[in-house]
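One structure below.
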Amino acid sequence: MTLSMFKDKTILIVGGTGSFGSAATEYFLNNSEVAEVRILSRDEKKQDDMRKLFNDEKIKFYLGDVRDISTLWAPMYETNFVFQAAALK
């Protein structure tokens, strides 16, 4: 997988506020020319923490739950790549 494939693309990370999601977000923002990184998670506090940590307008946050399909439609719209990292602990 080359990073050029992500140039000007929109990426969705489901479960994006966890350890994988945070690391993947940082990687994409620092190493590719991605157009947008969308984060879907259930945890509003972690989203706020992540928003403050990265402070990047390329990141968009969506509250939702992978078990509720109705919360997936908006973040999935016109998304080019999806990384599924959601888990119940």
Value rounded to 0.5 Å, distance of [atom1] in [X] from [atom2] in [Y]:
X	Y	atom1	atom2	value
Arg38	Ile59	CZ	CD1	13.0 Å
Leu53	Asn55	CG	CG	9.5 Å
Ser32	Lys9	OG	NZ	12.0 Å
Leu40	Thr71	CG	OG1	5.5 Å
Arg51	Glu57	CZ	CD	13.5 Å

Are [X] and [Y] in one and the same hydrophobic cluster, where Ile, Leu, Val, Met, Phe, Trp and Tyr link if side-chain heavy atoms are under 4.5 Å apart?
X	Y	value
Phe81	Ile39	yes
Ile69	Leu63	no
Leu12	Val34	no

*Could you list all the ring pair (Phe, Tyr, Trp, His ring centres under 6.0 Å) pairs where at least one residue sits in residues 37-80, not counting sequence neighbours?*
none

_With ring pair (Phe, Tyr, Trp, His ring centres under 6.0 Å) as the rule and sequence neighbours excluded, what pairs involving residues 28-48 come up?_
Phe6-Phe28, Phe28-Phe83

_Any donor-acceptor pair under 3.5 Å linking the side-chain atoms of Ser70 with those of Asp68?_
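Present: a donor and an acceptor within the cut-off.
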
*Is there a donor in the side chain of Ser41 and an acceptor in the side chain of Gln47, or the other way round, less than 3.5 Å apart?*
yes

*Considering only heavy atoms from C-beta outward, does the side chain of Val37 approach that of Leu29 to under 4.5 Å?*
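Side-chain contact under 4.5 Å: yes.
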
*Check whether any side-chain heavy atom of Val82 sits under 4.5 Å from a side-chain heavy atom of Met76, and report yes or no.*
yes

*Could you tell me whether the side chain of Asp48 and the main chain of Glu44 form a donor-acceptor pair under 3.5 Å?*
no

*asked:* Would the distance check show the side chain of Asp8 and the main-chain N or O of Ala35 forming a donor-acceptor pair, the cut-off being under 3.5 Å?
replied: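 The answer is no, because no donor-acceptor pair under 3.5 Å joins these two groups.
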
*For the pair Arg67 and Arg42, evaluate side chain to side chain contact (heavy atoms under 4.5 Å, CB included) and give the outcome as yes or no after the intermediate values.*
CA-CA 10 Å; Arg67 298 169 296 174; Arg42 298 178 298 150; 3.7 Å; yes

*Which atom names give the shortest non-hydrogen contact between Gln84 and Val14, and what distance separates them?*
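Heavy atoms of Gln84 and Val14 come nearest at OE1-CG1, 3.6 Å.
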
*Does the distance from a Lys or Arg side-chain N to an Asp or Glu carboxylate O, for Asp56 and Lys58, drop under 4.0 Å?*
no

*List in chain and number order the residues that pass salt bridge (charged side-chain N to carboxylate O under 4.0 Å, His left out) with Glu33, two or more places apart in sequence or in another chain; answer none if no residue qualifies.*
Lys7

